[in-house]
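One structure is given below, encoded as structure tokens.
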Amino acid sequence: MRRAVLQALLSHWRRHKLQGLSLFLGLAIATALWSGVQAINAQARASYDDAARVLGQNRLERLVPPPDAVISEQTYVVLRRGGWRVSPVLSGMWQGDVRVLGIDPSTLPMGSAPAQIGQGLPIQDFITPPGLGYAAPETIALLKDTPGLPPLTPVPDLAPGLVMVDIGIAQGLLGREGQISYLLVDPVQPLVQAPLGDLAPDLTRQAPDAGNDLARLTDSFHLNLTAFGFLSFAVGLFIVHGAIGLAFEQRRPLFRTLRALGVPLRDLITMLLAEIVLLTLVAAGAGMVLGYLIAAWLLPDVAATLSGLYGAAVSGELALRPQWWGAGFAMAFAGVALASGQSLWRLARLPVLAPAQPRAWLRASVRSLRWQGLVAILLALAGIGLAWRAEGLIAGFAMLAALLLAAALLLPVLLAALLALAERLGDRAMLRWFWADTRQQLPGLSLALMALLLALAANVGVTTMVSSFRQTFTGWLDQRLASELYVTAADEAQGAALRDWLAPRADAVLPIWDVTAQAAGRPVAVYGVADHATYRDHWPLLDATSDVWDRLAMGDALLVNEQLARRAGLSVGDPLSVAGLPAPLTIAGVYSDYGNPLGQVIVSVDTLVTHFPDVPKLRHGIRIAPDRADDLRRAMQDELGLSPDQITDQAAIKAFSLGVFEQTFAVTGALGVLTLGVAGFAILTAQLTLAAMRLPQLAPVWGVGVTRRHLAGLELLRAVLLTALTMIFALPVGLLLAWVLLKIVNVAAFGWELPMGLFPRDWLLLGGIALLAGGAAAAWPAWRLARLQPARLLGVFAHER
Amino acid sequence: MLLEVDQVAKSFGTDPAKVQVLQGVSLRLAAGETVALTGESGSGKSTLLHLCAGLDRPDQGQIRIDGADIGAQSDSGRAGMRRNAIGIVFQQFNLIPSLDVAANLAFQARMAGRLDAARIATLADRLGLADLLHRYPDQLSGGQQQRVAIGRALAGAPALILADEPTGNLDEATGAAVMDLMLDLVADAGAGLLMVTHSEKLAARMDRRLHLSSGRVA
């Protein structure tokens with residue numbers, strides 16, 4: 001029996017290939033976008049884990065020096081003699097983008113290096129110049145033709161961008177002879193050892209994983225990606241819900257017949273579940289493959305973004321993890337369960353003698369629309385409540401979800417009301433029929449229109465956010481990058497010579513010197529600035545006292561960036577203690593600092609140099625008349641022997657910064673386009689499916705003298721009209737979304753707030769694309785209607801019951 | 001006795017809008033016997049047929065098929081009786097639109113586990129469907145669809161055929177031809193036939209006639 005029934009159920013798809021295709025593609029695309037984003041996140045997190053695992057950062061204690069200090073070899077020797085089993089490590093950046101990690105293989109705690117290095121390490125070759133290096137295969141590929149490094153051996157477990165060498169080799173490579181960054185503490189220590197305070201009072205013990213935690217730092221970025229992936233998944237689910245709902249409705253007579261012919265309800269539901277599981281397995285499997293391809297396509301952009309924003313190195317090679325497969329399929333099954341649950345529930349409650357009207361679903365009752373409207377209002381109230389009371393990233397996204405869902409649910413209610421009003425106002429017979437017929441089509445199209453609304457609102461929201469950000473960021477760069485030239489000395493001696501040489505030649509030489517210190521319980525960068533009009537005229541202050549620059553110059557005040565102010569709850573007038581400074585200083589101003597995830601403090605350059613005498617004095621901004629900048633650059637190269645890459649002009653830094661900015665939002669833009677594509681596909685499948693069921697409604701109108709071409713034209717007009725109305729409704733929803741992103745989500749995620757701009761040209765472009773998509777989706781069914789054989793329309797009358 | 005209906009009552013709705021559709025209806029139908037169920041619209045004919053098919057349960061009374069009380073069965077039990085012992089011919093045909101004629105004809109026999117290819121070929125031949133086996137229901141005329149529905153009901157050789165105005169959707173000539181065929185096939189199979197009809201002509205061709213009026217046997 002089951003075989004016959006299953007065959008009957010599955011035969012539906014053979015006769016409704018388009019519907020099957022839309023279900024398959026809807027689920028595949030939804031799974032693809034979701035799992036693609038998850039693959040990217042998983043890859044990034046694996047890279048962070050690799051980085052954290054290097055030298056047991058996640059499980060070994062360390063002895064660390066004060067901020068911006070190093071440990072001398074002498075201190076190391078004293079500790080070893082005092083009974084401390086510690087191992088020296090030197091960490092530093094080589095040529096800007098390669099992290100060199102120097103280790104001492106003879107003292108390294110057991111199991112702290114990757115197994116491949118620990119086993120059979122040729123110690124003699126490792127420690128003797130030119131030495132041996134270990135790196136991930138992709139790092140080796142990137143460094144293939146780079147001179148200066150020792151021969152490299154591949155170790156897949158190492159983090160990308162990292163080269164591990166002997167500490168002596170590392171000191172040579174980094175030009176840091178005799179220096180140690182930190183000491184790894186062996187878990188096994190002798191019973192008797194001298195107190196650390198006696199041997200090395202300036203060193204502190206750091207617990208495992210207390211260092212720079214990339215995973216935590218980048219959480220907000222990944223949450224953003226996940227939110228967009230989830231939105232795409234939700235849009236895809238609208239297609240799945242529509243296709244499954246339609247397939248169930250179309251098969252209601254079949255279900256009734258099967259029940260009447262002796263198929264028990266339980267068996268019928270079991271077989272429908274089997275059918276759904278089968279379809280989900282196939283479609284989700286295809287979606288996972290597609291998701292992998294999307295992830296592989298987007299990963300380089302994401303890696304560049306993470307590197308630009310957070311300095312996080314992410315492997316460009318995508319690995320397929322079992323958890324990823326499992327989670328992708330689980331998500332697909334959960335989505336399908338959600339999409340088909342209502343249909344199965346209805347079937348379970350369907351009396352065998354209930355009238356089986358396959359088109360009954362087209363006639364949405366006023367009551368269900370009322371319920372929908374009520375749920376939408378409750379969701380909107382919940383969203384407003386969250387905006388009122390809740391704080392943080394999760395609350396921000398929960399509010400977004402509530403508002404978007406409310407808007408989607410409200411759309412059919414508003415459209416139905418509008419169409420009913422139009423129907424009442426229409427006085428010509430054809431016009432009234434058009435409005436009434438459009439209203440009747442609404443339930444069939446509403447899921448697709450809701451998907452379109454979500455995609456359009458997301459695009460309006462994200463475009464507004466990105467454009468607002470770009471506008472603010474560009475203006476901010478103009479303020480922040482006021483110097484005409486930026487120059488970095490190779491060492492302290494060159495720095496001093498540079499300052500002497502520039503003094504008579506430039507209008508001003510502005511030090512850009514910084515150290516890392518602790519303030520308000522978190523690591524901050526402390527910068528020292530000169531008392532100069534450049535800052536007084538240009539610095540992007542958000543809030544400040546009237547005498548901010550005078551007080552800063554006097555050394556009794558400081559400035560903090562917006563991120564630090566928000567995270568630590570600081571404002572102008574508050575005192576702030578900075579480790580290394582003798583007394584708390586008053587906050588005289590808060591400035592915007594976009595693109596920087598970390599806290600920052602500005603003091604006068606004299607204060608910085610006095611209390612942090614070891615501050616590297618290498619970077620400088622040079623003020624000079626723009627028309628003299630090129631001459632000065634050439635003179636610095638010719639007379640001081642500076643290399644071209646030591647000097648950067650303002651335009652180059654701005655171009656670089658804007659490049660990082662554009663890269664940051666490239667992924668968001670790509671996901672936005674993909675989501676819009678999914679919504680366009682939803683409209684197309686809904687139109688095509690409805691077109692197949694339209695004949696009984698169109699035949700009577702054709703019968704009374706309206707041509708097929710005229711009817712086709714009206715079908716096209718209807719699609720464009722509904723798309724336009726959806727776009728109009730999507731606009732305020734999108735702007736609300738942008739407001740939440742800018743005022744709540746960004747503040748929680750990055751620590752800065754941005755002014756919101758309005759960009760009508762972007763809306764017009766998006767509206768144009770949406771109308772084009774809506775029109776294109778209706779074009780094929782309309783064309784088919786215009787060329788329909790009259791016999792097909794006559795058949796409607798012949799079969800009318 | 002193939003079908004026994006004893007003092008069956010059935011109502012729909014609740015007070016004060018309760019409608020008593022059947023009251024104390026009894027009937028007997030033996031194997032090989034044909035009975036016409038007639039009555040004005042709303043007299044309870046279709047409800048009685050549905051109760052006999054186990055599509056619904058009576059409020060009172062018993063309906064037995066080959067001695068088994070169909071009203072006492074669970075949903076699965078009643079479905080099993082419909083599958084194995086009953087063939088139903090609906091006024092609206094209720095063919096499976098996604099299966100072709102051949103698959104529709106064989107469908108119930110396959111469900112009952114009594115698929116007999118030779119019997120189906122004979123049926124198709126006698127029903128004039130031999131050339132239409134690979135067509136789908138929406139490619140058939142109303143008469144052709146009803147012939148497929150009859151073939152499907154008979155293919156599994158059920159003991160009892162329940163027909164609800166099987167020619168109600170057909171013109172007179174086609175309806176008469178379909179009826180001739182159905183009666184021949186039922187007679188050949190030795191099955192019992194209970195048929196709801198409005199047609200005096202058709203009712204006259206049955207062994208017996210049972211007239212329902214306001215839910216009671218008149």
Side-chain angles (χ1 to χ4, degrees), chain A residues 1-17 19-20 247 249-271 275 347-358 692-693 695-696 791-792 794-801, chain B residues 10 12 46-47 49-51 53-57 73-100 103-104 106-115 136-142 145 149 152-153 155-156 158 162 164 168-169:
Chain A
M1 176 189 79
R2 289 191 172 169
R3 218 174 126 191
V5 175
L6 200 58
Q7 192 185 14
L9 290 173
L10 290 176
S11 65
H12 171 83
W13 302 108
R14 205 170 51 230
R15 295 277 286 169
H16 297 86
K17 292 189 181 74
Q19 197 180 52
E249 289 294 340
Q250 282 182 334
R251 289 190 292 181
R252 273 178 71 166
L254 170 67
F255 299 153
R256 195 187 69 159
T257 302
L258 289 174
R259 298 274 325 269
L261 294 179
V263 179
L265 180 62
R266 205 178 46 201
D267 288 23
L268 184 59
I269 289 178
T270 306
M271 276 177 274
E275 178 196 68
L347 174 66
R349 291 157 49 96
L350 179 76
V352 69
L353 288 172
Q357 290 274 1
M693 305 168 69
L695 289 191
R792 290 281 310 279
L794 285 170
V796 173
F797 302 129
H799 288 116
E800 212 162 50
R801 296 174 198 145
Chain B
K10 180 72 184 174
F12 292 108
S46 292
T47 301
L49 201 76
H50 292 155
L51 293 176
L55 293 168
D56 205 348
R57 292 174 198 260
Q73 308 278 332
S74 65
D75 176 71
S76 297
R78 283 182 285 138
M81 290 185 80
R82 282 201 298 279
R83 204 161 57 233
N84 298 312
I86 304 171
I88 308 176
V89 183
F90 299 96
Q91 183 182 4
Q92 309 288 2
F93 321 137
N94 285 351
L95 299 179
I96 296 171
S98 48
L99 296 181
D100 64 12
N104 263 291
F107 189 76
Q108 194 163 7
R110 285 183 67 191
M111 288 215 307
R114 291 198 292 266
L115 182 62
Y136 284 88
D138 61 1
Q139 297 169 318
L140 303 178
S141 68
Q145 288 191 54
R152 181 179 68 187
L162 300 171
D164 190 358
N169 273 322

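Protein chains get the first letters and strands the later ones, always in sequence-line order, with residue 1 at the start of each.
- With sequence neighbours excluded, the residues satisfying side chain to side chain contact (heavy atoms under 4.5 Å, CB included) with B:Ser76 are A:Pro264, A:Arg266, B:Ser74.
- Formation of a donor-acceptor pair under 3.5 Å by the A:Arg259 side chain with backbone atoms of B:Leu55 is not found in this model.
- Heavy atoms only, all atoms of each residue included: A:Ala260 and B:Phe90 are closest at CB-CZ, 3.4 Å.
- For the residue pair B:Phe107 and A:Leu258, the shortest heavy atom distance occurs at CZ-CD2, 3.1 Å.
- Taking every heavy atom of both residues into account, A:Arg256 and B:Asn94 meet most closely at NH2-ND2, 3.0 Å.
- Summarising the geometry of B:Leu99 relative to A:Ala8, their closest heavy-atom pair is CD1-CB, 3.9 Å, with the distance given to 0.1 Å.
- Between chain B and the options A:His16, A:Gln7, A:Arg3, A:Arg14, heavy-atom pairs under 4.5 Å are most frequent for A:Gln7.
- Taking the side chain as every heavy atom from C-beta outward, A:Thr257 and B:Leu95 never approach each other to under 4.5 Å.
- For a residue to count as touching a neighbouring chain, one of its non-hydrogen atoms must lie under 4.5 Å from one of that chain's; by this rule B:Arg78 does not touch chain A.
- Not counting sequence neighbours, the partners of A:Leu10 by the side chain to side chain contact (heavy atoms under 4.5 Å, CB included) test are A:Leu6, A:Trp13, A:Glu275.
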